[in-house]
Structures are given as structure tokens and as C-alpha cells.
Amino acid sequence: MIGTIAAHQLLALRRQRTFTAILVVFLAMAGLAGVIGWSSQRTIAKVYDEAVRMLAARGERAPTNPFDAKPPLALLSNMAIYIPLVGALLALIVGHLSFADDRSGGVGRLIFSRSVSRSAYVLGKVAAASVVLGAVLCATFAISAISLVLVNGHVPTNTNLFRLGAFYALAWLYLMLFALVGMVATLVSSRRSLALLTAISVWIIVTFAVPQFTSGLRPQASLNPVSDPVSTSQTFFKVTAKARPFSVAEQFKEASARILDTGPAEPTTETLARMLPILGLAVGLMVLTLGLAHRHDYSSRGADD
């Protein structure tokens with residue numbers, strides 16, 4: 001039954017062209033990250049070559065090529081920005097549509113007239129969302145790998161491919177958080193528009209407000225995967241900084257930087273520990289979704305349905 005519900009949800013997303021739209025956006029993000037990385041590398045390379053010629057004319061020794069010490073995956077570091085900024089919003093829509101369409105179309109009243117458990121119903125919806133986001137990220141992984149070959153001029157090593165795969169696995173888990181947020185918001189809101197607005201409000205709080213309070217980051221700096229916090233000498237930030245380990249946006253940002261090798265090195269155990277708040281919140285949201293679905297009244301229609 002779980003597989004049947006998941007297949008039905010995937011079919012509904014395909015008919016709405018939602019999956020296609022999300023796939024196009026993610027592929028565009030991956031391509032844009034590669035183009036920006038290539039453009040930056042080309043500009044810096046031109047500056048370096050010009051500096052080498054000038055120093056050679058003066059009989060001076062040229063500095064080391066800056067790309068010799070640059071991590072091979074650095075050109076994809078922008079993906080750590082695009083995932084929380086754009087990817088999370090798309091995941092919200094996937095989660096929102098999972099329940100909103102059934103409620104507005106009356107499917108919820110029909111499906112529970114049969115011997116379908118609410119747990120199977122929810123698990124089918126979650127499975128469909130996970131498949132959609134997983135398929136999109138797999139395609140994005142392929143685009144990123146191609147970008148690495150084109151920009152770096154050689155096939156990525158197995159280690160780099162493993163790091164890239166680990167990053168997209170973490171991105172999948174992070175996006176599932178927001179798919180679940182979209183589901184929860186739909187179950188607790190009586191109106192479809194209010195449910196989507198509630199989910200977006202949660203995204204704003206998690207992505208911008210919480211990092212600003214826990215690290216003293218300005219809103220635009222909260223998306224930078226390698227930025228350091230502004231001075232936390234103020235008493236207010238000394239207190240709020242204690243909650244920083246629970247900020248899933250910051251933990252995703254820092255874990256991504258370590259996985260892609262674009263941030264300061266740290267033990268693998270510490271990087272894994274950064275993922276625990278994300279995993280814990282995902283489990284909590286899953287339990288909450290199941291609980292709300294069991295108490296939700298599917299016999300009524302929303303005011304705007």
C-alpha cells in the first residue's frame with residue numbers, strides 16, 4: 001500500500017510538471033555553480049599569468065600558482081548556498097503538494113473509505129518526496145561531476161567523487177527536512193494558502209533568523225559556506241551562541257564546507273556530529289507528521305478548497 005500511494009503521488013507530481021520544474025531548476029543551479037567556478041578560475045589564472053610575466057621581466061621570482069593549493073571541489077562551493085536558498089523552497093513545495101492536493105481534490109475523503117492505514121498513507125507520501133528529491137540530486141551530481149571534468153581538465157579522483165556524493169547525500173537529508181515542514185504546515189493549517197505561507201515562514205526563520213541570533217551573522221552572510229561569524233563579544237551573542245549547535249542551517253553549511261574540503265579541516269567524527277541535529281529534526285518531523293495525520297479530519301474541506 002505504501003508503494004501504491006507513493007506511485008500515485010509521483011504520477012500526480014509528473015502530471016503537474018512539478019518534478020520537471022524542480023529538475024530543471026536544480027540542473028540549472030549545478031550548471032551555474034560550474035560556470036561561476038570556471039569564470040572565477042579563468043579570471044584569477046589570467047591575473048596570475050600577467051603577474052608572472054611582469055615579475056619575469058623584472059627578474060623576480062613568481063609566486064606559487066594559487067590553484068595548486070585550491071581544493072578540486074572548491075568550484076562547487078556555491079551549491080552549499082543554493083541548496084538552503086532555492087532547494088529548500090522547492091522541497092517545501094513538494095511536501096506541501098503531497099497533502100494539499102489530496103485535501104482540495106477530495107482524495108483524502110475517498111482513500112480512507114477503503115482499508116488504508118494513515119501510517120501507510122503518510123509513509124507513501126514521504127517515500128514519494130524522497131524519491132523525487134533523490135532523483136533530482138542524482139542528476140545534479142552528474143552535472144557537477146561533468147563540471148569538474150570540464151573546469152579542472154581531468155576526471156575527479158575516487159576520493160573527490162566520494163566527497164561529492166557525501167555532500168549530495170547530506171543535501172538530500174536537509175531537503176527532506178523542508179519537505180516534512182511543508183507536510184506538517186499543510187496538516188495544521190485549515191487553508192491551503194496559509195499552509196504554504198507558514199512553511200515559507202519556517203524556512204525564513206531557519207535560514208536567516210536563527211543563524212543571525214546564534215552567530216551574529218548578517219542575513220546575507222548566513223548563506224556563505226565559509227564565512228566566519230561577526231564579533232560575538234556582545235553579551236547577547238555570548239548567550240545565543242550556546243544554541244548554535246542546534247542551528248541546522250549552520251550545521252549544514254559547516255558540514256558541507258568540510259565535506260567539500262573548502263573549510264578548515266576537522267576530524268571526521270566532528271563532521272558527522274554536525275549532521276546529528278539535521279537527522280534528529282528529520283526524525284522529529286516524521287513522528288510529528290504521523291501524529292498529525294492520525295488526528296487530521298479528512299472528511300472536511302478547507303475554506304478555500
Side-chain angles (χ1 to χ4, degrees), residues 22-23 25-41 65-88 90-91 127 129-179 223-227 245 247-283:
I22 292 175
L23 177 62
V25 171
F26 268 84
L27 294 181
M29 290 194 309
L32 181 61
V35 170
I36 292 176
W38 169 80
S39 179
S40 299
Q41 180 168 323
N65 191 321
F67 287 108
D68 290 342
K70 189 176 181 180
L73 300 179
L75 68 93
L76 298 176
S77 59
N78 283 327
M79 287 302 298
I81 300 175
Y82 301 152
I83 293 295
L85 182 60
V86 181
L90 297 175
S130 65
V131 169
V132 167
L133 296 176
V136 168
L137 288 174
C138 285
T140 308
F141 171 88
I143 294 296
S144 297
I146 294 173
S147 298
L148 289 173
V149 173
L150 295 178
V151 175
N152 294 331
H154 56 80
V155 177
T157 63
N158 291 335
T159 299
N160 288 332
L161 289 176
F162 176 79
R163 285 181 175 273
L164 189 61
F167 166 72
Y168 279 114
L170 176 61
W172 174 83
L173 179 60
Y174 189 78
L175 293 183
M176 283 302 301
L177 281 181
F178 289 91
L223 292 174
N224 191 339
V226 293
S227 66
S247 172
V248 293
E250 290 186 274
Q251 296 309 315
F252 173 79
K253 176 188 68 175
E254 294 181 3
S256 297
R258 270 61 176 192
I259 292 173
L260 295 175
D261 198 25
T262 58
E266 68 177 9
T268 304
T269 53
E270 292 188 20
T271 301
L272 292 175
R274 296 184 185 280
M275 304 178 190
L276 292 180
I278 303 175
L279 180 60
L281 184 57
V283 173

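Quick note: numbers below take in every heavy atom, side chains included, and nothing from hydrogens, waters or symmetry partners.
- Side-chain atoms of S256 and Y174 include no donor-acceptor pair closer than 3.5 Å.
- You'll find the side chain of L148 stays beyond 4.5 Å of the side chain of S144, heavy atoms only.
- Put simply, CG on L32 and CG on L27 are 12.5 Å apart, with the number rounded to the nearest 0.5 Å.
- With rounding to the nearest 0.5 Å, the separation of CG in L90 from CG in L85 is 10.0 Å.
- Residues T140 and M79 are in side-chain contact: their nearest non-hydrogen atoms beyond the backbone lie under 4.5 Å apart.
- Residues N78 and V35 have side chains not in contact (no heavy-atom distance under 4.5 Å, counting atoms from C-beta outward).
- The CD1 atom of I259 lies 10.0 Å from the OG1 atom of T268; values are rounded to the nearest 0.5 Å.
- Of all heavy-atom pairs between I81 and P84, the closest is O-CD, 3.2 Å.
- Among all heavy-atom pairs drawn from A91 and L175, the shortest one is CB-O, 3.3 Å.
- Across T262 and P71, no two heavy atoms sit closer than the pair CA-CG, 4.4 Å.
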### Task
Start with the C-alpha gap between R258 and E270, add the side-chain angles, then the distance that decides, and say whether salt bridge (Lys or Arg N to Asp or Glu O under 4.0 Å) holds.
CA-CA 10 Å; R258 270 61 176 192; E270 292 188 20; over 6 Å; no
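- Closest heavy-atom contact between L164 and A145: CD2-N, 4.1 Å.
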#### Entry: Intermediate values then yes/no, side chain to side chain contact (heavy atoms under 4.5 Å, CB included), L137 and I83
CA-CA 10 Å; L137 288 174; I83 293 295; 4.3 Å; yes
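- For the pair F167/L73, no side-chain contact is recorded, criterion being any heavy-atom separation below 4.5 Å from C-beta on.
- Atom CZ of residue R274 and atom OG1 of residue T269 lie 10.5 Å apart, to the nearest 0.5 angstrom.
- Atom OG1 of T271 sits about 10.5 Å away from atom CD of Q251, to the nearest 0.5 Å.
- Using a 4.5 Å cut-off on side-chain heavy atoms (C-beta onward), L133 and M176 make contact.
- Counting heavy atoms from C-beta outward, I278 and L170 have side chains that approach closer than 4.5 Å.
- Panel note: side chain W172, backbone S130; a donor-acceptor pair is recorded below 3.5 Å.
- From L177, atom CG reaches atom CZ of F252 across 10.0 Å, with rounding to the nearest 0.5 Å.
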